[in-house]
S.K.: 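Before I ask anything, let me first share the structure, which is written out below as structure tokens.
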Amino acid sequence: MKKLYIAVLMIAAIGASAQEKSEFPTKGYRGSGFIHYVSNGDDWESYSFGTTHGYQINHNWFVGGGMQLNFGSLFYKSDDYSFVSATEFAAVRFDMLQKRISPYLNFRLGITVGDITGAFIAPEFGVRFRHFNLGIGAELQNHEAVYGLSTESGYEFSELLMVRFAYDFGGRKK
């Protein structure tokens, strides 16, 4: 199912970009589809896919929002617990250069619901090559103890390493 969703998303993005001329973002609508991998290198691992849509203010600044679906596992006391959650977020992005290859800064802030519930923050640094984006960053997830695994009440805070691949569509008219 996940592979089918990604294939449909990529085909739609390629079709939407067929009429685009510029190599860097211009004023107007801009969207992207993405997949990313998140881990803390120890007991948390997840894969996410989603989409972001918004407005390209000028060649450098973008504001918008989106949603992602998260599928993962948490290893705790010799047991592996699977989880599914959804994250809704606001996004701000700064493309540093108006070149074919450009570094960017991306910041997403939102809320996650499902098996994992809590605040979500994701700062990211990456490189854009035409419509393709490859970024690395952190995913900071505040959440209730998963499946009641914690003996303490309240919330836990997880710091996770994120690797993200995205494809932009829209926002490149001449």
Side-chain angles (χ1 to χ4, degrees), residues 1-39 44-72 82-96 102-143 158 160-173:
M1 178 68 178
K2 187 167 42 169
K3 289 180 182 178
L4 176 63
Y5 177 79
I6 293 169
V8 169
L9 185 64
M10 295 302 280
I11 290 169
I14 290 168
S17 67
Q19 299 174 349
E20 297 172 356
K21 309 265 189 269
S22 179
E23 292 182 353
F24 44 86
T26 56
K27 189 175 180 179
Y29 168 79
R30 182 178 180 185
S32 70
F34 63 86
I35 57 174
H36 74 251
Y37 171 76
V38 177
S39 176
W44 182 306
E45 177 178 69
S46 71
Y47 296 89
S48 302
F49 64 94
T51 184
T52 304
H53 301 274
Y55 189 77
Q56 187 72 37
I57 297 169
N58 58 33
H59 291 300
N60 301 101
W61 289 99
F62 166 84
V63 293
M67 185 172 179
Q68 69 186 43
L69 296 175
N70 313 300
F71 304 92
S82 295
F83 63 86
V84 176
S85 62
T87 304
E88 193 170 22
F89 57 85
V92 175
R93 178 174 165 139
F94 179 71
D95 287 292
M96 296 179 192
S102 174
Y104 67 84
L105 296 172
N106 192 23
F107 183 79
R108 294 177 294 144
L109 174 68
I111 186 88
T112 300
V113 295
D115 294 334
I116 304 277
T117 301
F120 165 89
I121 301 170
E124 173 189 356
F125 174 77
V127 175
R128 175 183 49 80
F129 175 72
R130 294 188 181 186
H131 295 276
F132 299 96
N133 301 267
L134 181 60
I136 188 165
E139 189 170 290
L140 309 170
Q141 182 68 59
N142 186 22
H143 60 88
S158 296
L160 308 162
L161 177 65
M162 172 186 61
V163 177
R164 184 169 175 260
F165 175 76
Y167 182 83
D168 290 339
F169 49 91
R172 286 178 169 76
K173 301 174 199 100

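Here, residue 1 is the first one in the sequence, and each next residue gets the next number.
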S.K.: Output, in order, the C-alpha distance, side-chain angles, deciding distance and verdict of side-chain contact (heavy atoms from CB on, under 4.5 Å) for H59 and D95.
M.R.: CA-CA 7 Å; H59 291 300; D95 287 292; over 6 Å; no
S.K.: Can you list the residues that meet the side-chain hydrogen bond (donor to acceptor under 3.5 Å, both in side chains) rule with N106, with sequence neighbours excluded?
M.R.: E124
S.K.: Which distance, rounded to the nearest 0.5 Å, do you find between the CD1 of I111 and the OG1 of T117?
M.R.: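 Result: 7.5 Å between the selected atoms.
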S.K.: Excluding sequence neighbours, so at least two apart, what forms ring pair (Phe, Tyr, Trp, His ring centres under 6.0 Å) with F107?
M.R.: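 Result, ring pair (Phe, Tyr, Trp, His ring centres under 6.0 Å) vs F107: none returned.
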S.K.: Rounded to the nearest 0.5 Å, how far does CZ of R93 lie from CD1 of I57?
M.R.: 13.5 Å
S.K.: For ring-ring contact (aromatic ring centres under 6.0 Å, His included), just list the numbers for Y167 and F132, CA-CA rounded to whole Å, side-chain angles, deciding distance to a tenth of an Å, and then say yes or no.
M.R.: CA-CA 5 Å; Y167 182 83; F132 299 96; 5.0 Å; yes
S.K.: Between T52 and F89, is there a side-chain heavy-atom distance shorter than 4.5 Å?
M.R.: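 F89 reaches T52 side chain to side chain.
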S.K.: Kindly compute the distance separating CZ (F165) from OG (S32), expressed to the nearest 0.5 Å.
M.R.: 11.0 Å
S.K.: For I136 and L161: C-alpha separation, side-chain torsions, deciding distance, then whether side-chain contact (heavy atoms from CB on, under 4.5 Å) applies.
M.R.: CA-CA 8 Å; I136 188 165; L161 177 65; 4.0 Å; yes
S.K.: Ignoring hydrogens, what is the shortest heavy-atom contact between R108 and A91? Give both atom names and the distance.
M.R.: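 Between these two residues, the closest heavy atoms are CG-CB, 3.9 Å.
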S.K.: Tell me every residue that passes side-chain hydrogen bond (donor to acceptor under 3.5 Å, both in side chains) with Y37, counting only those two or more places apart in sequence or in another chain.
M.R.: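 Here the qualifying residues are E45.
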S.K.: Looking at D168 and R128, is any side-chain nitrogen of the basic one under 4.0 Å from a carboxylate oxygen of the acidic one?
M.R.: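 A salt bridge is absent here (no side-chain N lies under 4.0 Å from a carboxylate O).
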S.K.: Taking the side chain as every heavy atom from C-beta outward, state whether E139 and T87 have any pair of such atoms under 4.5 Å apart.
M.R.: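 Contact flag for E139/T87 side chains = no.
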S.K.: So how far is it from N60 CG to F94 CZ, rounded to the nearest 0.5 Å?
M.R.: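 Those atoms lie 4.5 Å apart.
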S.K.: Tell me whether the NZ or CZ atom of R164 lies within the 45° cone about the ring axis of F34 and under 6.0 Å from its centre.
M.R.: yes
S.K.: So D115 and V84, do their side chains get closer than 4.5 Å, heavy atoms only?
M.R.: yes
S.K.: Taking the side chain as every heavy atom from C-beta outward, state whether F169 and H53 have any pair of such atoms under 4.5 Å apart.
M.R.: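 In contact.
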S.K.: Can a donor-acceptor pair be found between the side chains of N70 and S48 at a distance below 3.5 Å?
M.R.: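 Looking only at side-chain atoms, S48 and N70 do form a donor-acceptor pair, the distance falling under 3.5 Å.
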S.K.: With rounding to the nearest 0.5 Å, note down the distance linking OG in S46 to CG in L160.
M.R.: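 With rounding to 0.5 Å, OG (S46) is 7.0 Å from CG (L160).
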S.K.: To the nearest 0.5 angstrom, please state how far the OG1 atom of T112 sits from the CD atom of Q141.
M.R.: 3.5 Å
S.K.: Give a yes or no on whether the backbone of A86 and the side-chain of Q68 come within a donor-acceptor separation of less than 3.5 Å.
M.R.: no
